[in-house]
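Some notes on the structure that comes next.
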Amino acid sequence: MSVSQSDFRAALLDPVQTIPDGLLDGADAPAGRRFNIYRNNVAVSLTEALHQGFPILTKLLGAQNMDGLAGIFLRAHPPSSPLMMHYGEALPGFLAGLPQLQHLPYLPDVARLELAIRRSYHAADHTPITPDRLGQIAPEALMLCSARLAPSAQLIRSDWPIFDIWRFNTEADAPKPQTGAQDVLVTRPDYDPVPRLLAAGAADWIAALQGGATLSDAYDQAAARHPEFDPGATLALLLQDGVITALTTEGEQP
Amino acid sequence: MLDSAKRDNTLPPRPGVGYKPQHFAAIMDNPGAVGWLEIHAENYMGDGGRPLAQLRHLSDRFPISVHGVGLSIGGEGPLDPDHLARLRHLITWLNPASFSEHLAWSTHDSAFLNDLLPLPYTNATLARVADHIDQVQEAVSRQMLLENPSSYLAFAESTWSETDFLAELSRRTGCGLLLDVNNVFVSATNLGYAPQGYIDAYPLDKVGEIHLGGHDEDIDDHGAQLLIDSHGREVVDPVWALLDHTLDRCGPKPVLVEWDTDVPDWPVLEAEAGRAATALERVVP
């Protein structure tokens with residue numbers, strides 16, 4: 001009697017499925033609940049990974065609810081790679097599709113923010129441009145530059161106040177979240193990612209820069225939807241957090 | 001201090017510990033008995049950030065063992081070429097003192113199950129695992145060590161003993177072995193054989209590293225004692241005794257203490273390494 005990994009896996013992820021024949025204890029009797037050790041290892045370790053990867057979501061739902069949700073999620077979406085640092089990419093979509101969570105419509109975006117923080121943490125290192133480099137460029141020439149942004153900079157747009165929710169759940173004495181849309185740029189000035197609240201229009205501007213637009217073209221795109229957008233404050237934020245790794249004029253190599 | 005093991009880039013026959021980021025500063029300040037460190041390969045497969053920066057600092061100071069937990073070398077399907085490439089990249093970049101993986105599977109049909117799952121010891125498994133080890137050693141351009149599993153059940157279809165199976169894999173592929181003494185104790189208790197007999201049958205001349213760790217206790221359907229390899233507490237006395245039994249036969253080896261869940265403060269882990277140092281001093285030639 002041979003036990004295929006297909007049979008083993010199916011029984012592993014389905015607690016009510018019969019344990020495959022051909023698995024024994026030390027006295028050649030059927031293995032019985034010994035199989036549950038593997039079931040338990042898989043479920044517990046993946047649940048733990050989701051708790052660790054989504055601490056704010058866990059806090060918002062409560063640890064017990066998170067356990068229940070993780071139990072369903074890990075069976076529907078087991079990791080697709082051994083890199084557990086990225087586990088949970090499918091969680092925002094999964095949360096959005098759960099009828100019992102429709103009264104908490106901001107949860108998928110909270111999960112997206114937590115994924116963005118993890119991506120930022122593991123993103124490649126980069127060297128920000130120096131103030132000297134910026135000083136060499138005349139203001140009118142600057143607008144014709146394109147900016148390369150660090151891979152640790154992660155943009156999240158939301159219809160929900162995700163920055164306030166993040167702050168309320170990570171900082172003592174933070175104000176209670178109000179309603180309203182908030183866009184966030186996760187930056188990594190050193191090794192610790194920091195979510196930054198963006199002004200209206202800034203997400204369009206940053207997305208255009210990430211797409212290779214010049215500062216001027218990016219401004220036009222942002223101002224088309226948000227005429228009040230002032231790129232100065234957002235540029236200062238990018239410089240302060242070391243997000244810009246190169247400034248190049250058209251045709252120039254960085 | 002850069003000792004000779006670091007210069008020669010080998011694991012010294014001294015205690016090592018599984019590295020946890022929360023111990024970074026303490027290890028740099030006071031490594032105590034610890035002469036080398038082991039990392040889980042998959043935690044260092046990001047593109048950058050603090051994990052790789054810390055690893056760079058640690059590897060300036062300590063010999064590093066890269067221990068894979070996700071390759072699924074016993075998988076029925078082919079090895080994941082992306083994961084092999086990531087391993088090659090990490091090992092080329094770090095040039096560690098050792099690389100090891102497990103006699104187990106963890107991925108099937110592209111689902112990674114995050115556990116080390118058991119294999120039947122048959123001729124078919126032997127041929128497949130030997131082929132996978134050849135591919136790994138080719139990809140990383142070095143010998144790998146293969147670790148014996150902790151077992152909670154056995155396969156009716158097995159025709160090889162675990163020790164003969166490992167010896168034959170080593171003979172066919174030239175891989176070395178990582179002997180986890182706690183796994184031997186756990187498997188022997190769970191499957192009803194004498195752990196010393198396992199050690200006596202084991203090809204100790206192939207061992208490049210020894211593992212120790214803590215385990216939990218449970219019972220099976222028939223009320224028999226069942227040990228769970230949890231790495232969440234101190235190594236128990238019978239496992240220290242089994243280490244002595246092993247070192248008496250193979251002489252000093254690099255000995256690692258693993259503590260992966262409910263990780264204690266550094267002094268507790270360092271004390272475990274100190275106990276391993278005492279065991280090693282007993283057998284200094």
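First the proteins, then the strands, lettered A, B, ... as listed; each starts at 1.
- Ranked by heavy-atom pairs under 4.5 Å with chain A, the list B:Gly192, B:Gly70, B:Ala154 is led by B:Ala154.
- Contact check for B:Pro118 versus A:Tyr38: side-chain heavy atoms found under the 4.5 Å cut-off.
- By the 6.0 Å contact criterion, CG on B:Asp265 is open, its count of non-hydrogen atoms from other residues, nucleotides or ligands being 12 or less.
- When A:Pro79, A:Pro78, A:Gly26 are compared by the number of non-hydrogen pairs under 4.5 Å with chain B, A:Pro79 comes out ahead.
- Taking 4.5 Å as the limit, every side-chain heavy atom of B:Leu191 sits out of range of all side-chain heavy atoms of A:Asp25.
- Annotation: side chain of B:Phe112 is in contact with side chain of A:Pro82 (closest heavy-atom distance under 4.5 Å).
- One distance of note links CD1 of B:Ile219 with CZ of A:Arg34; it measures 11.5 Å at 0.5 Å rounding.
- Only the backbone of B:Leu116 has a heavy atom closer than 4.5 Å to any heavy atom of chain A.
- A 6.0 Å sphere centred on NE2 of B:His222 holds more than 12 heavy atoms belonging to other residues, nucleotides or ligands.
- Contacts of residues 51-60 of chain A with chain B at a heavy-atom distance below 4.5 Å are absent; not one residue qualifies.
- Ranking A:Ile37, A:Asn36, A:Leu13 against chain B, the residue ahead of the rest is A:Ile37, based on heavy-atom pairs under 4.5 Å.
- Within a 6.0 Å radius of CD in A:Gln64, no more than 12 heavy atoms belonging to other residues, nucleotides or ligands are found.
- The two atoms that bring B:Glu76 and A:Ser6 nearest to each other are OE1-N, 4.5 Å, heavy atoms only.
- Between chain A and the options B:Gly46, B:Gly48, B:Ala156, the largest number of non-hydrogen pairs under 4.5 Å is found for B:Gly48.
- Looking at B:Asn43, the atoms closer than 4.5 Å to chain A (heavy atoms on both sides) all sit in the backbone: N, CA, C or O.
- Of the charged side-chain nitrogens involved, at least one lies within less than 4.0 Å of a carboxylate oxygen, so that A:Asp192 and B:Arg50 count as a salt-bridged pair.
- When side chains are defined from C-beta on, B:Met45 does not count as touching A:Ser81, because their heavy atoms never get closer than 4.5 Å.
- Rounded to the nearest 0.5 angstrom, B:Tyr152 OH and A:Asn40 CG are separated by 10.5 Å.
- For the set A:Arg188, A:His77, A:Met85, the entry with the most heavy-atom pairs within less than 4.5 Å of chain B is A:Met85.
- A 4.5 Å side-chain heavy-atom check between A:Gln5 and B:Leu117 finds every atom pair outside the cut-off.
- The greatest number of non-hydrogen atom pairs below 4.5 Å with chain A, out of B:Thr122, B:Asp218, B:Thr107, B:Asn190, is found for B:Asn190.
- Within residues 115-130 of chain A, the residues having any heavy atom less than 4.5 Å from a heavy atom of chain B are, in residue-number order, A:Tyr121, A:His122, A:Ala123, A:Ala124, A:Asp125.
- B:Glu157 contributes a side-chain N or O that, together with a main-chain N or O of A:Val3, makes up a donor-acceptor pair within less than 3.5 Å.
- Only the side chain of B:His83 comes within contact range of chain A, with at least one heavy atom under 4.5 Å from a heavy atom of that chain.
- Heavy-atom neighbours of B:Gln22 CD from other residues, nucleotides or ligands within 6.0 Å: above the threshold of 12.
- Looking at heavy atoms from C-beta onward, A:Leu46 lies out of side-chain contact with B:Leu113 at the 4.5 angstrom threshold.
- In this structure, A:Ser80 OG and B:Asp80 CG are separated by 10.0 Å, a value rounded to the nearest 0.5 Å.
- To the nearest 0.5 angstrom, B:Asp47 atom CG is 11.0 Å from A:Ser152 atom OG.
- Partners of A:Phe35 according to the side-chain contact (heavy atoms from CB on, under 4.5 Å) rule, which considers only residues two or more places apart in sequence or in another chain, are A:Phe8, A:Ala11, A:Leu12, A:Ile19, A:Pro20, A:Leu23, A:Arg39, B:Leu153.
- B:Leu226 has its side chain out of reach of A:Arg33: every pair of non-hydrogen atoms, C-beta onward, lies at least 4.5 Å apart.
- Contact record, B:Asp221 with A:Gly32: OD2-CA, 3.3 Å, taken as the closest heavy-atom pair.
- Here salt bridge (Lys or Arg N to Asp or Glu O under 4.0 Å) pairs that include residues 118-133 of chain B, with residues two or more places apart or in two chains, number zero.
- Ranked by non-hydrogen atom pairs under 4.5 Å with chain B, the options A:Ser4, A:Pro151, A:Ala27 are led by A:Ser4.
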